[in-house]
Amino acid sequence: QVQLVESGGGLVQAGGSLRLSCAASGSIFSVNEMGWYRQAPGKQRELVAVITSGGSTNYADSVKGRFTISRDNTKNTVYLQMISLKPEDTAVYYCWAQITSLQAMGYMYVYWGQGTQVTVSS
């Protein structure tokens, strides 16, 4: 099966930086778009950033200029570099990826990471 494993979350002070990583593994045939959602307590889940297989990116207005999404296709890994972090960035961050598995050729399914906590203190 396919799994996405996240890492890089933690506690930082406002103005600090974190780099999240999310590695997809398993019986992967191809990976299309990858991205990150976040969800804070009592808040709607928010699409933070998306990167296409060709490297085009899109960001939520709330993170533009501060977050950078990137990917390493040789490692099936997506990253989220976060700088100038604010307390309102505090959330659980979930990576996701559109993946075609070897067991389901012709079907692209969205897989999710387990979530990693990012806490920004003031």
Side-chain angles (χ1 to χ4, degrees):
Q1 72 274 26
V2 175
Q3 309 91 32
L4 272 66
V5 179
E6 304 180 35
S7 62
L11 276 66
V12 296
Q13 293 183 335
S17 301
L18 283 174
R19 184 176 186 249
L20 307 183
S21 299
C22 175
S25 63
S27 55
I28 296 170
F29 176 73
S30 63
V31 181
N32 192 37
E33 293 185 355
M34 308 182 83
W36 296 87
Y37 274 88
R38 67 184 181 186
Q39 187 161 25
K43 300 291 185 180
Q44 183 85 1
R45 181 170 290 183
E46 178 183 26
L47 181 61
V48 175
V50 177
I51 185 166
T52 70
S53 60
S56 297
T57 60
N58 284 288
Y59 300 92
D61 288 341
S62 57
V63 307
K64 283 181 180 177
R66 300 187 299 116
F67 290 12
T68 302
I69 187 170
S70 61
R71 64 192 288 168
D72 184 342
N73 291 330
T74 68
K75 300 179 179 179
N76 290 325
T77 298
V78 62
Y79 306 94
L80 189 67
Q81 180 68 55
M82 306 182 293
I83 65 171
S84 302
L85 282 163
K86 306 174 180 179
E88 50 261 47
D89 295 318
T90 296
V92 178
Y93 284 70
Y94 299 90
C95 64
W96 57 266
Q98 297 173 333
I99 295 174
T100 297
S101 71
L102 293 171
Q103 284 70 44
M105 301 284 291
Y107 177 68
M108 187 164 59
Y109 184 77
V110 177
Y111 294 85
W112 293 85
Q114 81 280 7
T116 185
Q117 177 71 47
V118 171
T119 302
V120 184
S121 65
S122 59

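A continuous path of hydrophobic side-chain contacts links Trp36 to Phe67 [ILVMFWY only; heavy atoms under 4.5 Å]. Residues Val118 and Val92 fall into different hydrophobic clusters, defined by Ile, Leu, Val, Met, Phe, Trp and Tyr side chains chained together at heavy-atom separations under 4.5 Å. Hydrophobic clustering, with ILVMFWY side chains joined whenever heavy atoms are under 4.5 angstrom apart, keeps Tyr79 apart from Tyr59. Met34 and Ile28 fall within a single hydrophobic cluster, where Ile, Leu, Val, Met, Phe, Trp and Tyr are joined by side-chain heavy atoms under 4.5 Å apart, directly or via other members. Side-chain heavy atoms closer than 4.5 Å link hydrophobic residues (I, L, V, M, F, W, Y) into clusters, and following such links, possibly through other members, connects Val110 to Tyr37.
Under the disulfide (SG to SG under 2.5 Å) criterion, no residue pair touches residues 54-84, with sequence neighbours excluded. Among residue pairs with one or both ends in residues 64-95, those qualifying as disulfide (SG to SG under 2.5 Å) are Cys22-Cys95; sequence neighbours excluded. The side-chain hydrogen bond (donor to acceptor under 3.5 Å, both in side chains) contacts involving residues 63-73 comprise Asp61-Lys64, Arg66-Asp89, Arg71-Asn73, Asp72-Thr74, where partners must be two or more places apart or lie in separate chains. Applying the side-chain hydrogen bond (donor to acceptor under 3.5 Å, both in side chains) test to every pair with at least one member in residues 24-33, sequence neighbours left out, gives these pairs: Gln3-Ser25, Ser27-Gln103, Asn32-Gln98. The list of side-chain hydrogen bond (donor to acceptor under 3.5 Å, both in side chains) pairs with a residue in residues 107-118, not counting sequence neighbours, reads Gln117-Thr119.
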Under 3.5 Å, sequence neighbours excluded: what are the donor-acceptor pairs made by side chains of residues 47-57?
| residue | atom | partner | partner atom | Å |
| --- | --- | --- | --- | --- |
| Thr52 | OG1 | Gly54 | N | 3.3 |
| Thr52 | OG1 | Gly55 | N | 3.3 |
| Thr52 | OG1 | Ser56 | N | 3.1 |

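Legend: residues meeting salt bridge (Lys or Arg N to Asp or Glu O under 4.0 Å) with Glu46, ordered by chain and number and at least two apart, are Arg38. Scored by the side chain to side chain donor-acceptor pair (under 3.5 Å) test, Arg19 finds no partners at all (sequence neighbours excluded). Remark: Val12 pairs with Leu18, Leu85, Val120 by the side-chain contact (heavy atoms from CB on, under 4.5 Å) rule, at least two apart or across chains.
Taking Ile, Leu, Val, Met, Phe, Trp and Tyr as hydrophobic and joining them when side-chain heavy atoms fall under 4.5 Å apart, one finds Met105 in a cluster with Phe29, Leu102.
Here the shortest heavy-atom pairing between Lys43 and Gln39 reads O-NE2, 3.6 Å. When all heavy atoms are compared, the tightest approach of Ser17 to Ser84 is OG-N, 4.4 Å.
Residues Ile99 and Asn76 are not in side-chain contact: their nearest non-hydrogen atoms beyond the backbone lie 4.5 Å or more apart. You'll find the side chain of Leu20 stays beyond 4.5 Å of the side chain of Glu6, heavy atoms only. Under the 4.5 Å side-chain criterion, counting only non-hydrogen atoms from C-beta, Val31 is not in contact with Val78.
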